[in-house]
Structures are given as C-alpha cells and as structure tokens.
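Only one structure is covered here, and it is reproduced in the block below.
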Amino acid sequence: MTQRKILTRRGLIHGAALGTGGLLLSGCDKLYSQPGFRATLESAEQWHQATQRWLGGGALAREYAPSDMSPVFRANGNRSVADPSYRQHFDQAFERWVLTVDGLVRQPLALPLSMLRTMPQRTQITRHDCVEGWSAIGKWEGPQLKHVLDMAGLGEKARYIVFHCADSFGAARYYESIDLADAYHPQTILAWRLNDRPLDEAHGAPIRARIERQLGYKHAKYVMRIEAVESLDGVYGGKGGFWEDSSGYAWYAGI
Ligand SMILES: Nc1nc2c(c(=O)[nH]1)N[C@H]1C(S)=C(S)[C@@H](COP(=O)(O)O)O[C@H]1N2
Ligand SMILES: [Mo]
C-alpha cells in the first residue's frame with residue numbers, strides 16, 4: 001500500500017514538472033479542481049512548491065513513548081570512519097565542519113553544526129528496523145530536512161536528494177538517496193542527537209539522516225553533503241544507494 005502511494009506521489013511530481021498546463025495525474029485532480037487552488041498557482045514554480053508542501057504530508061511513522069525506548073541502541077554497518085578529513089573534524093569536535101548543500105539549489109549552503117543544532121528542532125521516538133533482523137527504539141533530534149532544503153531553495157528540476165557520507169566499504173563510498181516525498185516528510189530529520197546525547201561516532205556523528213518510513217540502510221550516517229539532483233543516473237553506481245548498487249537492495253525500502 002505504502003509503496004503504491006509513494007509511486008503515485010513520485011508520478012505526481014514528475015507530472016508537476018510539465019507545468020500548470022501540462023499533464024495531471026489522477027491522484028491530484030481532486031486537489032487541483034478545488035476552488036481557489038488553481039488560481040494561486042500563477043507559475044510553474046509556485047505549482048512546484050505547492051506540490052512539495054502537499055507531498056510533505058502523508059502518513060507518519062509510529063512514534064513511541066519514552067518508556068518504550070530500547071536500553072541499548074545497537075550500532076550497525078560502519079561504526080567508525082577512516083577518511084582523514086573526517087578524523088580531523090572529529091578531533092576538533094566538528095567545530096570547523098560544515099554540511100554542504102548543493103546541486104540543483106538556488107543557493108548552495110555550508111551549514112556549521114552549531115547552526116544545525118540551533119535551528120528549529122524535531123524530536124521523535126521511533127523504531128529502527130534493520131534488514132538483518134533487529135530493531136531498536138530510540139529518540140532522535142535534529143532539524144527537519146525540509147527546512148534545510150527551503151533555505152537552499154530547491155531548483156525546479158530537483159527530484160531526488162542524495163546523502164553523501166564520509167565512510168566507505170572498500171573503495172565504495174556509502175551514500176543514499178530519497179525522493180522529495182520523503183525529503184519533505186515531517187519526520188525526515190538530520191539527527192545530531194540520539195537518546196539525549198550528541199551522536200557518537202558509531203551512530204553517525206556529526207549528523208545522520210532519519211527516514212522513518214523506510215528500513216535502516218536508508219538512514220545515512222556521517223552525512224557530509226546533501227545534493228539535489230534530477231536523476232540518480234550517474235550518481236555512484238546509479239541505483240540510488242550503496243546497498244542498492246552493491247547488493248541489489250530495494251531503493252524504496254518501505255516498512
Ligand atoms: N554512512 C553509513 N550509513 C549507514 C550505514 C553505514 O554502514 N554507513 N549502515 C546502515 C544500516 S544497514 C543501518 S541498520 C543503520 C544503523 O544505524 P546505527 O549504527 O545507528 O544503528 O545505518 C545505516 N546507515
Ligand atoms: Mo541495516
């Protein structure tokens with residue numbers, strides 16, 4: 001069910017690229033025909049933004065009570081990073097580190113960790129499900145990705161958000177990607193705190209993505225750069241993520 005809804009939404013945003021006079025997919029006919037809605041959409045750009053706001057809604061992943069939190073939140077995959085530049089930032093407590101936001105944006109950004117920690121924050125207690133067969137409930141805190149994307153101003157052609165990570169498996173960098181429905185989802189945050197403490201290295205310091213409606217491997221740790229792209233072709237192996245490229249994992253890993 002979830003998968004179908006997402007595919008329809010993805011179809012919608014592709015449809016939106018054609019502009020106000022273009023093809024409209026059935027899913028949004030209803031919204032589009034509401035009195036007043038169309039009148040406000042004076043340009044393709046406004047249409048695009050309105051569509052994104054609408055896409056930002058949708059089902060929330062379940063949130064839990066503090067009493068449900070797992071006593072230990074296990075770390076998985078890479079638990080440390082060898083990259084020399086990462087090591088230097090780690091030793092400096094990430095004081096000179098910046099998150100790069102670039103690609104199809106109007107204003108590329110370099111955001112210090114202090115800024116990510118002081119923008120409006122979201123806290124959520126959610127269950128993390130790993131394909132390897134374990135789960136843990138933890139409390140995550142950080143700014144919503146949508147705020148960061150709005151600061152940068154997403155270009156009209158942007159369709160996917162790519163998370164570039166500091167760690168590798170052999171020669172292959174870890175990376176992940178999501179569509180705009182997940183990028184604008186209210187629970188999609190750049191977490192810098194887990195269980196009321198700043199992230200440790202094992203869990204993805206200084207920041208990691210939380211993509212709460214999808215499986216664990218989508219939640220990129222050690223995020224150094226966020227890039228808006230039109231297509232995933234030509235991004236690393238072209239399948240949208242490290243595990244997708246190397247092992248054929250599903251790009252949309254809905255829970
Ligand atoms: N950069 C990076 N992100 C990653 C991984 C990784 O190895 N490197 N492993 C993924 C997998 S499979 C899981 S289950 C979660 C584990 O997150 P945790 O270590 O905080 O439990 O991170 C995901 N994100
Ligand atoms: Mo995982």
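Values below: all heavy atoms of this structure, side chains included; hydrogens, waters and symmetry mates excluded. Both counts, for ligands and for their atoms, begin at 1 and track the order of listing.
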Looking at ligand 1, does any of its N/O atoms fall within less than 3.5 Å of an N/O of [X]?
| X | answer |
| --- | --- |
| Tyr222 | no |
| Arg74 | yes |
| Trp140 | no |
| Asn76 | yes |

Show which atoms of ligand 1 fall inside a sub-4.0 Å distance from at least one heavy-atom site of [X].
| X | result |
| --- | --- |
| Phe73 | 21 (O) |
| Phe169 | 7 (O) |
| Cys130 | 14 (S) |

message: Suppose we measure from atom 13 (C) of ligand 1 to each protein heavy atom; which comes out shortest, and what is that distance?
response: Gly216 O, 3.6 Å
Does [X] have a non-hydrogen atom less than 4.0 Å from ligand 1?
| X | value |
| --- | --- |
| Ala202 | yes |
| Trp134 | yes |
| Arg208 | yes |
| Glu132 | no |
| Phe242 | no |

query: What distance separates Phe94 CZ from Tyr86 OH, expressed to the nearest 0.5 Å?
result: 3.5 Å
field: Donor-acceptor contact below 3.5 Å, side chain Arg122 vs main chain Gln187
entry: no
query: Centroid-to-centroid, Tyr217 to Tyr249, below 6.0 Å?
result: yes
query: For Met69, does the CE atom sit with more than 12 other heavy atoms under 6.0 Å from it, leaving out its own atoms?
result: yes
Qualifying residue, where the test is side chain to side chain donor-acceptor pair (under 3.5 Å) with Glu212 and the options are Arg127, Gln124, His219: Gln124
field: N-O pairing of Lys221 and Asp167 below 4.0 Å
entry: no
